[in-house]
Each structure stands twice: as C-alpha cells, then as structure tokens.
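What follows is a set of notes on a single structure, which appears directly below.
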Amino acid sequence: MDEALATIGLPHPIDAPQWTPEAELADLLLRAAEIEHSLLLQYLYAAYTASDPYRGAATTIAVEEMGHLLTVQNLLLACGQRVYLGRDDANQFQPFPFQLEPMSRGTLAKFTAAEMPDVNSPNFPDQFRGDLESIRGEANAAAKADVAAHRVGLLYAKIYWLLRPDDARMDNEPWPGFPVEQIATTRDANGHLIFAGRHVSTNFVSDQSANEAVKSRWHGVGSGTGGSVIVDQVTDRLSALKTITEISAQGEGFAATPNGHFERFAELWKQAQVASDPIAQPTISNPWYGSANVQSKSKGSEISNPVAVKFAQLADAAYETCLLIIAFSFLLPATAPETDRQRVVGAAVKCMTDGLKSCSVALSALPRTQNGDDADDRCGIPFSIPSPIDTTSADALQFRIRAVIASLVATAATIDAASGASLGQINRAKAISKAFNPGVLGAINTIALA
C-alpha cells in the first residue's frame, strides 16, 4: 500500500478546493459502482465461456461482485444519494481496459492482478509469492497495457478516509493497518497538506436501512457460494467504514481475507498452466450487432448471424430488465411489505438465471456469421449499455420494465424456422419469453406503489 500511495497516490480532484468532502465522497461512490458493475460483467462473460472448475469459480466471484454493487448502492442511499447502476467502460479507476473476452490464461492473469492485495498483508497467500512476476507479465500482455493492480484499492482507501471522523487513529480501527498518519501528513508540491481534515460531516451518513438491500433477501443470488456474498447495510459512519473494509478485503483492495478473490483467481491461473484440455470454448470478444456505437465496432466482433442477433437482443433486454428491477427494489416505499421486496428480488434473480444464463447457452452454440463454423467463432452476450436508468421514480421504473419485457417477448416471437433457427432454439426462445412474461412481469405487476 505504501508503494501504491507513493507511485499512484490517493484520488484527489485537480480543483479540490471547490469540492466538499461530501461531494467528493458521493462522486467516488458513483465511480465505485461503475467499477463493480464492469468487473462483474467481465468475470461473468469469461465464466460463461469456461469449463469447470473455471466456470464455477469465476461465476461465484462474479456473484460476489454483484454483492459489492448492491452494497455500494446501500452506501449511496446512506449518504443521501440516488441509486446508480450506470456503466462507464472508460472509468479512470479501471485496473485494465474493459474487455468482454473468453476465459484464458491471460484473462485469469488480468483478473488475478486486478484483485491483488498488499503483498505485505498478513493474509497474503505465501504460495503465490513466487508467481507474482509471471502473473503481472501475463496480465500486462493480455491487457495490452500495464494492469494497475491497486487503482481500485486506492479508490476505496480514499472513500474510507473521507468517511473517517478525523485525522486521528481510531480505537479498533475498522481497517487494520490503515496508514492514517501517512495520509494525514501528505503534502502537495507546494508543501500544502492535501488530505488533512477532509472528512464528511457527522450526520452525512444516515440510517436508510428501510430501503437498503438486505443479504437475506438476496440469498438466491449467492446460492452455492457458501455465504461469501457481501450485502452489508449501512446505518451510520462506523458501519460504513466497516463495509468499505469488508469489500476491500474480499477483492480489489489492499486488505486480504483467506479465500479472497485474488487467491481464487491465482489458483485458477496456476491450474491453467498445466491444463491438458481447453479451459474455455472459442468465443468472440466484445460482441456487438446492428447499430452499436463506433467504439464497440472498432474493438469488437460483429454478430451478423440472424438467429444469433435475436438471442443477443434477448440477452441485452434481460440485462436491462435486471438492472431496472434492481433499481426498482431500492425505490419501493418504506412501508412495502417484506413479501413485495422478496418478490422483486426474486424477479431480478430470474432475469439472471432464466434470462442471461439461458441466452448465453444459446449464443455459445451459434456462429458469429450465418455461414460460420460453430467450433471457431461462437457468440457471447454483448452486454450493450442500456439507456440511462431513471432512479427518481418507482413508477417510471415499473413502466420501463414493462416496455423492455414487451420488446423481449416480441423479439422471442420472431425466432422461428423462417429465420433459420432450429427447433431447440425456437423452444429456448419461447422458454425465455415465458420466464419474463408472465414470470418476471407477473411479479412486478403485483407491486402496488400507491
């Protein structure tokens, strides 16, 4: 951590005097939400292409990133901000350029490097110390850039600093070994203290737990993960500090916990060194279709197979619906019964399992082009960035959910024999359609907001 502080430094606005600590914290939480969102998608995309044990392990870590994303939403609410599920694939805190790509040794090296904790942490797994140079080398080669292993960790360290009550070390500091004195005495080139005294006001963090995500409600997301998914509620400054510490320790930060993300990705990377069978099926990177933006076209692979395009559209609709429902779950009235909250969460989980996962299975069997070879050029989910999500109104979200599901159902109905789809693909499309209407839509329509 000392090295990262010396070489990269804590995030600090160029126009810092114009930023209150409260405004800076709110902005950094938005950036944290974007990072958790993008890492979740990259891990999930790789997992969908992989064979076991790589698939299962990467899926579990993606689910844990989902927990991080939900917890950052809780932090936003507790700090008086709106829920934010946006994405910026060029976020300055990205440890490596955003890429949707199949599982490989290089991909695993990138993920491992990005999740690397402080090598001096007491929980750093000694069995991987001898591999660090190789991991970093393969990670940089795969990313075609230097993987900034601790950039996300520094983001969370700055959030932690802003949330602290003052510059003095706390009794039982939630983040053990946090360099309080070093940060408090950091000066700029002109000798001015940069971070001293920059902390949010006493009452900035408040109890909004009635609207926050609760782990027991989201247990379906983490089924089979052994309870490793973090969905922490935030009620005051101390609980916020503990939450940041816990997220950072599980992955991306300097702290470390046994069986954290780094350790699990590093173990997969080592297994891949000696694997005799392919660890993933051949899958295109950064898929796009139709009128995707110029950036996607320049760095990705176009899906032009008509059937694959339809399933890619279904996948994008399922992805958007999932985000909309997650946002909706935070905007339910404080008086909403627990049964309604569980029903909404269940609908979001259904989007993931019966929507995204099912679409991925269909796409993995389809070539990118109509006359392509299934074995060489299989498709994946584009995860196209959806329209901005309005998180000011539960009514608006409910209306948008209905519209996106209607579009999904209409797309599914066009996958028929005339488009070249097989009977199995037609039946899968019908099953996806049924999962969303009446499945997901039925759950959302039962929620009364008045």
Side-chain angles (χ1 to χ4, degrees), residues 33-34 36-37 40-41 44 62-63 65-74 76-77 82-87 210-223 229 231 313-334 336-360 381 383-412 431-449:
E34 290 174 346
E36 300 297 357
H37 190 165
L40 151 64
L41 295 184
L44 193 60
V63 168
E65 296 292 352
M66 176 77 174
H68 293 187
L69 179 59
L70 291 169
T71 301
V72 172
Q73 305 309 312
N74 286 351
L76 282 166
L77 287 180
R82 293 188 297 173
V83 168
Y84 177 69
L85 293 166
R87 232 176 80 201
N211 289 100
E212 290 178 5
V214 179
K215 181 173 182 176
S216 60
R217 217 175 276 146
W218 285 90
H219 65 88
V221 173
S223 57
V229 178
V231 183
Q313 291 171 335
L314 289 179
D316 277 345
Y319 168 49
E320 182 175 1
T321 304
C322 186
L323 294 178
L324 289 165
I325 293 176
I326 291 172
F328 186 66
S329 72
F330 287 96
L331 268 66
L332 294 177
E338 180 61 22
T339 51
D340 278 5
R341 296 184 185 280
Q342 291 180 355
R343 192 175 294 117
V344 171
V345 169
V349 173
K350 197 171 185 65
C351 290
M352 301 173 206
T353 56
D354 295 355
L356 291 175
K357 186 176 181 180
S358 186
C359 287
S360 176
I381 298 177
F383 287 115
S384 304
I385 297 177
S387 302
I389 297 174
D390 180 0
T391 58
T392 62
S393 165
D395 285 311
L397 283 171
Q398 198 175 46
F399 181 83
R400 178 63 182 161
I401 291 167
R402 290 166 179 155
V404 176
I405 291 178
S407 173
L408 181 151
V409 170
T411 299
I432 294 171
S433 177
K434 186 176 180 181
F436 281 80
N437 185 15
V440 172
L441 186 59
I444 297 302
N445 281 340
T446 64
I447 308 301
L449 298 176

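Arg87 is listed as a side-chain neighbour of Leu41, based on a closest heavy-atom distance under 4.5 Å. Counting only heavy atoms from C-beta outward, the side chains of Phe383 and Leu40 never approach each other to under 4.5 Å. Side-chain atoms of Phe328 and Leu449, non-hydrogen and from C-beta on, do get closer than 4.5 Å to each other.
Formation of a donor-acceptor pair under 3.5 Å by the Ser329 side chain with backbone atoms of Val344 is not found in this model. In this structure, the side chain of Asp340 does not engage the main chain of Ile447 through any donor-acceptor pair within 3.5 Å. Remark: the backbone N or O of His37 is not paired with any side-chain donor or acceptor of Glu65 at under 3.5 angstrom. Between the side chain of Asp354 and the backbone N or O of Ile432 there is no donor-acceptor pair closer than 3.5 Å. With Asn211 contributing its side chain and Leu332 its backbone, the two residues share a donor-acceptor pair below 3.5 Å. Between the Ser360 side chain and the Leu356 main chain, no donor and acceptor come within less than 3.5 Å of each other.
To the nearest 0.5 Å, atom CG of residue Leu441 and atom NZ of residue Lys434 are 15.0 Å apart. Separation of atoms CD (Glu320) and CD1 (Ile401) is listed at 10.0 Å; rounding is to 0.5 Å. The line from NZ of Lys215 to CG of Leu70 is 12.0 Å long, rounded to the nearest 0.5 Å.
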